[in-house]
Amino acid sequence: MPALDIRIHSMYPPGQKGGIRAYASATIDGCFAVRGIKVVEGGEQKGLFVAMPSRKTLDGYKEICCPVTKEFREQLHKAVMDAYQQAITMTQNPPAPQQAAAPQNGQQMAGM
């Protein structure tokens, strides 16, 4: 399976941007990028799902780009949802700020 690098770019609380919870991008094998992937809540599936970039037509929405195989679709959707859950966790539990290390062995910092 191809290597995936997923980045979550924007996140929205429920009700702020319709059903969209986040926008993501995927880099596939370091040589092809897909922008405009959405994590969406609701629809027919009830709950969160991944929507590929699409455009509106007379017949509804058509994906601009999409996984060709079922296996890759599952891999991509799992990777996007994992990255989204990790981003949610990071916003709820931000890492503690790093403190500057104290001088050791009686050394003083420059300018003191």
Side-chain angles (χ1 to χ4, degrees):
M1 292 302 243
L4 292 171
D5 178 28
I6 306 296
R7 307 280 169 123
I8 301 297
H9 295 287
S10 303
M11 294 176 51
Y12 305 99
Q16 185 178 15
K17 197 85 157 142
I20 298 172
R21 295 292 165 261
Y23 282 96
S25 64
T27 303
I28 304 165
D29 273 346
C31 61
F32 187 78
V34 178
R35 307 279 186 251
I37 299 170
K38 294 178 277 208
V39 176
V40 182
E41 183 174 359
E44 296 175 13
Q45 298 178 336
K46 306 289 186 221
L48 294 176
F49 65 95
V50 175
M52 295 301 291
S54 61
R55 62 185 171 95
K56 190 172 185 172
T57 67
L58 295 175
D59 300 323
Y61 287 91
K62 299 291 181 187
E63 291 181 336
I64 295 170
C65 58
C66 61
V68 176
T69 65
K70 177 184 174 187
E71 294 80 15
F72 184 64
R73 179 177 292 275
E74 290 171 356
Q75 178 189 4
L76 178 63
H77 286 209
K78 181 181 181 328
V80 170
M81 292 306 296
D82 289 349
Y84 175 69
Q85 292 301 328
Q86 185 177 16
I88 291 281
T89 301
M90 291 297 290
T91 59
Q92 292 174 347
N93 304 317
Q98 300 273 338
Q99 293 184 355
Q104 296 182 6
N105 299 329
Q107 298 174 347
Q108 288 188 339
M109 296 179 73
M112 293 187 126

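We use all heavy atoms of the structure for the numbers below, so side chains are in, but hydrogens, waters and symmetry mates are not.
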- Identify, with sequence neighbours excluded, every residue that meets side chain to side chain contact (heavy atoms under 4.5 Å, CB included) alongside Ala22. Ile8, Met11, Val39, Tyr84
In residues 50-57, what donor-acceptor pairs under 3.5 Å come from side-chain atoms, sequence neighbours left out?
| from | atom 1 | to | atom 2 | distance (Å) |
| --- | --- | --- | --- | --- |
| Thr57 | OG1 | Asp59 | N | 3.2 |
| Thr57 | OG1 | Gly60 | N | 3.4 |
| Thr57 | OG1 | Gly60 | O | 2.9 |

- Item | Test item: Leu4 and Val80 side chains (from C-beta on) under 4.5 Å apart, heavy atoms | no
- Not counting sequence neighbours, list each pair that qualifies as a salt bridge (charged side-chain N to carboxylate O under 4.0 Å, His left out) and has a residue in residues 20-36. Arg21-Glu41
- Message: Check for me, please, whether Phe32 and Val68 land in the same ILVMFWY cluster - side-chain distances under 4.5 Å, paths through other members count.
- Response: no
- Does Gln86 CD have over 12 foreign heavy atoms under 6.0 Å away? no
- Query: If you look only at pairs with a residue in residues 77-87, which of them pass as a salt bridge (charged side-chain N to carboxylate O under 4.0 Å, His left out), with sequence neighbours excluded?
  - Reply: Lys78-Asp82
- Message: To the nearest 0.5 Å, what is the distance between CD1 on Ile37 and CZ on Arg7?
- Response: 13.0 Å
- Item | Gln85 and Leu48, any side-chain heavy atoms less than 4.5 Å apart | yes
- Quick one: closest heavy-atom pair of Ile28 and Pro2, and the distance? CG2-CB, 3.8 Å
- Applying side chain to side chain contact (heavy atoms under 4.5 Å, CB included) to Glu71 and not counting sequence neighbours gives Met1, Thr69
- Message: Minimum heavy-atom separation for Pro67 and Phe72, please, with both atom names.
- Response: CB-CD2, 3.6 Å
